[in-house]
Protein chains: 2
Amino acid sequence: MRVLKLDSGYNIGVPPASCQMLEPATSIEQPEQILVDQDRSLPHLSIVSTGGTIASKIDYRTGAVTSQFTAAELMRAIPGLGSIGQYRTVQLASILSENMTPSLWQELARAIYQEIKDGAEGVIVTHGTDTMAYSAAAVSFMLKTPVPVVFVGSQRSADRPSSDNLMNGLCSARAAVSDLGEVAVVMHQTSSDDFCAIHRATRVRKMHTSRRDAFQSIGSSPIGTIAYPSLEVNLTADAVRRQPIEPELADRLEERCGLLQFVPGLSPDILAAYDGYRGLVLSGTGLGHVSTTWFRQLGSMIEDGTTIVMTSQCLSGRVCDRVYDTGRDLLKIGVVEGGTLLPEVALVKLMWVLGQEKDEEKARMMMTMDLRGEAPGRSAHGL
Amino acid sequence: MRVLKLDSGYNIGVPPASCQMLEPATSIEQPEQILVDQDRSLPHLSIVSTGGTIASKIDYRTGAVTSQFTAAELMRAIPGLGSIGQYRTVQLASILSENMTPSLWQELARAIYQEIKDGAEGVIVTHGTDTMAYSAAAVSFMLKTPVPVVFVGSQRSADRPSSDNLMNGLCSARAAVSDLGEVAVVMHQTSSDDFCAIHRATRVRKMHTSRRDAFQSIGSSPIGTIAYPSLEVNLTADAVRRQPIEPELADRLEERCGLLQFVPGLSPDILAAYDGYRGLVLSGTGLGHVSTTWFRQLGSMIEDGTTIVMTSQCLSGRVCDRVYDTGRDLLKIGVVEGGTLLPEVALVKLMWVLGQEKDEEKARMMMTMDLRGEAPGRSAHGL
C-alpha cells in the first residue's frame, strides 16, 4: 500500500499496482539545508522549544511517542518555515507537557523576554498540548509583549499521516510575523486542514483528548484565523496589535496556590490539605456555589490570609454569587468572585497576582480586574 | 410599563398608554384547583421534588432566590401539567442543589423506586441545576427503571420573565409519558423557547452558569428532543425504551471517593489528603496524564487498595494512556483508564461500583464497562 495524505489531513491507502512513482521520495532528507539557507530579508523570529508532540516521534522500542526533536530539527521537519522568517532556536526543555511546572513557566517567560530584547520580531513556543493553555496563560501574565508570542503544538505526532504539526507550525510562524501584539495559542480550528484559530492565551482550553481542533476559546471568540494553505491572517478588532513598547517581565509567582473542584457531599475536611496555601481557586457549581457546610472553614482560611477565588465548573458564563442566599453568604465571608475567569486561568492568575502583590486587599482587587483579556465583560446573554 | 413575555422567552416593555387590557389578569390564582381536578384517564406520574430554582421564588427580604415551593405548588405554578398526566407528589427535600449529598442521592433513588413500584408510569424529579447532572447519574446507576425518570430544573426563577420553568416543566412531563425507559435530564436545548433536549443522565453536564441551554450532552448527542409548544417528543434510536421489567434498586454507595484535577506542578503531596479513600478519580491532562513525579505515590495508593481511575479535564474524547511513554507507565502501576467517562460521572460511578463490588479486580473491570450509556464506544474521530 502507498499512503497518500489528503488535503483534509487524513490519509488514504492505494495499492502499489494501481499507481506509479514518478520520482523517488527523498524529500525527507532534503530540508536539512534550510538552516544554512535562511533568507536574511525576512523577519527575525525565535523558536523556543519545550517539547511535546509537535517535536516528537515514535519510540520504536516501546511503540509510544516520546519528545525528542530539537527546535532546529523542527525547522528541518517543516520546510515551509524558511519562506516566512529567519529563525533563532532556543531549546528550553524537551518534555511532555504534563511535566511542566510553574518554575518552567518562569524560565520560559524569561527566555521569551530575552529573545524579544535581542530583536525577535515574533516568538514561536512549541509546547505539548496537554498543559499548553496553562503555560500560555502564565506567560501572558508574566510578560507584556510588543510582538506576537505564539504557542503551538500538535495533537498527532509527525510520523502519523493525520499529523497537524506541519499546518500548525506554518500557521504559527505566519501568526508570529502578523500584526498581533499579545500571547496566543495557534491550533487547528476545524477537523480539516483549512483554518487555524488564534486563541487568546487567557481564554483557551484543550477541550478534546485527541481531535486536532481540540483547542477552543471559551466564552469568547478566537482573536483571529489563519487560512491554509494561503496562510492569510485575519485578526479580529479585539486582538491586541503590535506596539512600539519595550517588553516588560514580571516573573514572580506564588506557587502555594491550588485549584479544587467542589462535588456534592465533599467534606470541608479536604480544605485542610490546602493549609499554608496563600491562594485557593474553587471550581464551584453553577453561578459559584459550594455546600453551606464549607462556609465556616472557608471563612477561617480567609481570616488566616488565604485568598479564595470562586470560579465555576460550568466553564462558560459568569460567576455571580449575588443571586442566591448561599452565594451572598459566600461573599460575606470574603470569597472573591472569579467573574468569567476559567478555573485554570484563575489558578495561574492567582499565582501571578500573589507573586506581585503582597497587600491582600490589592491582590483581591486585581483578581477581579481584566488584565490580559482573561475576564471579558458581561456577555450578551448576561444573567 | 406592561411587560409581555415573548415566544422567545424574553420580555418586552410596553407603555400602558399604548395598550388596552382586555380582561383582568386573574390567571395566577386560578390554577390552584388543578390538584383536585386531575384527569383520571391520563398516565400516572410522580413528581419528586428536591428543590432548586424551578421550585424557587424571590425572598423579598434579601432580594435573593430561595427554594420554597412544594411539588404541589409547582403543579399550580405550571397549569398545563394537568393535561399531560395525573400526579402524585413527593417532597423529598427543599434545598439548593449544592447541598445535595450522596446520602440524598440514595434517598432519591429509593423514593423513585417506590413510586415506580406503586404504579408510576413516569417520574419527574425537580432538582436544582447546579448538581442535577451528578444526581441524575447517581440515580441512573442505582436504579434500573422500566419507565422514564426525568430530571428537570430551571436556570431562572419563576418570577423572572425569562424563566424557563414553565417550558422545562411541561417538556419534562411530556418526556415522562413518552416511550423513554431510562434516566434523563430535560432542559432547554437552545436559548429560545423552541426545543428541550433529552440528555442521557450519564453524558450530560452543566456547561454555562446562567444560559437556559446550559445543559449539554458531552461527546454524544442528546437522546431526544421535545418541541415546544407542540410538546412532540422525538427519541433517537439510541434512547432506551420502556420495558416490561420490574424496577431494580442497588443503592449502596462508597462515599470515600474523590475527584482531583491535576494541574502543572501540583505536588503529589496532595494525594495524602485522599488517604483512606477507597477510590480516586483523576482529572488528568490530555489523553490521561499527570506528572511523572506522581507515579510512585499513585503506585503505593493502588497497592494499598485504592482504585484510581484516569479521566481527562478536556471533558471530550477518550482517555488513552497507550500513546505516550508516561501513560504506559501509569497503566503499569495499575491506574484504570476511564475511557470516555466524564470526570464527574466517573466519580459517581466509582462510588456506586465500590458500593456494589468488594472484589477489587471486578470493580476495576466494571469501571471500564459501559453499564448505563456512560462510556460510549470509540467515536468516529477516534485517536
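Within every chain, numbering begins at 1; the chains are lettered A, B, ... in the order of the sequence lines, protein sequences first and strands thereafter. Note that the structure is a prediction, hence the values are computed from the model and not measured.
- No other option in Leu104(B), Ile270(B), Ile218(B) has as many heavy-atom pairs under 4.5 Å with chain A as Ile270(B).
- In terms of modelled atom types and a separation under 3.5 Å, the side chain of Thr209(B) and the main chain of Gly286(A) share no donor-acceptor contact.
- Heavy atoms closer than 4.5 Å to chain A are found nowhere in Trp294(B), neither backbone nor side chain.
- In terms of heavy-atom pairs under 4.5 angstrom with chain B, the leader among Leu260(A), Thr101(A), Asn99(A) is Asn99(A).
- Considering only heavy-atom pairs separated by less than 4.5 Å from chain A, the leading option among Ser312(B), Gly317(B), Ala214(B), Cys314(B) is Cys314(B).
- Looking only at heavy-atom pairs under 4.5 Å with chain B, the residue among Pro343(A), Ser291(A), Ala273(A), Ser103(A) that has the most is Ser291(A).
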Carefully, step by step, assess Leu315(A) and Leu315(B) under the rule side chain to side chain contact (heavy atoms under 4.5 Å, CB included). CA-CA 11 Å; Leu315(A) 303 182; Leu315(B) 303 182; 3.9 Å; yes
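- When each of Leu259(A), Val290(A), Thr292(A) is checked for heavy-atom pairs under 4.5 Å with chain B, Thr292(A) comes out on top.
- Listed by first and then second residue, the side-chain hydrogen bond (donor to acceptor under 3.5 Å, both in side chains) pairs involving residues 272-285 of chain A are Thr285(A)-Asp130(B) (not counting sequence neighbours).
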Identify all side-chain donor-acceptor contacts of residues 261-268 of chain A below 3.5 Å with residues at least two apart in sequence or on another chain.
unit_1	atom_1	unit_2	atom_2	d
Gln261(A)	NE2	Gln313(A)	OE1	3.4
Gln261(A)	NE2	Tyr134(B)	OH	3.2
Gln261(A)	NE2	Glu344(B)	OE2	2.9
Ser267(A)	OG	Asp269(A)	N	3.0
Ser267(A)	OG	Asp269(A)	OD2	3.2

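- Proximity to chain A is limited to the side chain of Leu347(B), based on heavy atoms less than 4.5 angstrom apart.
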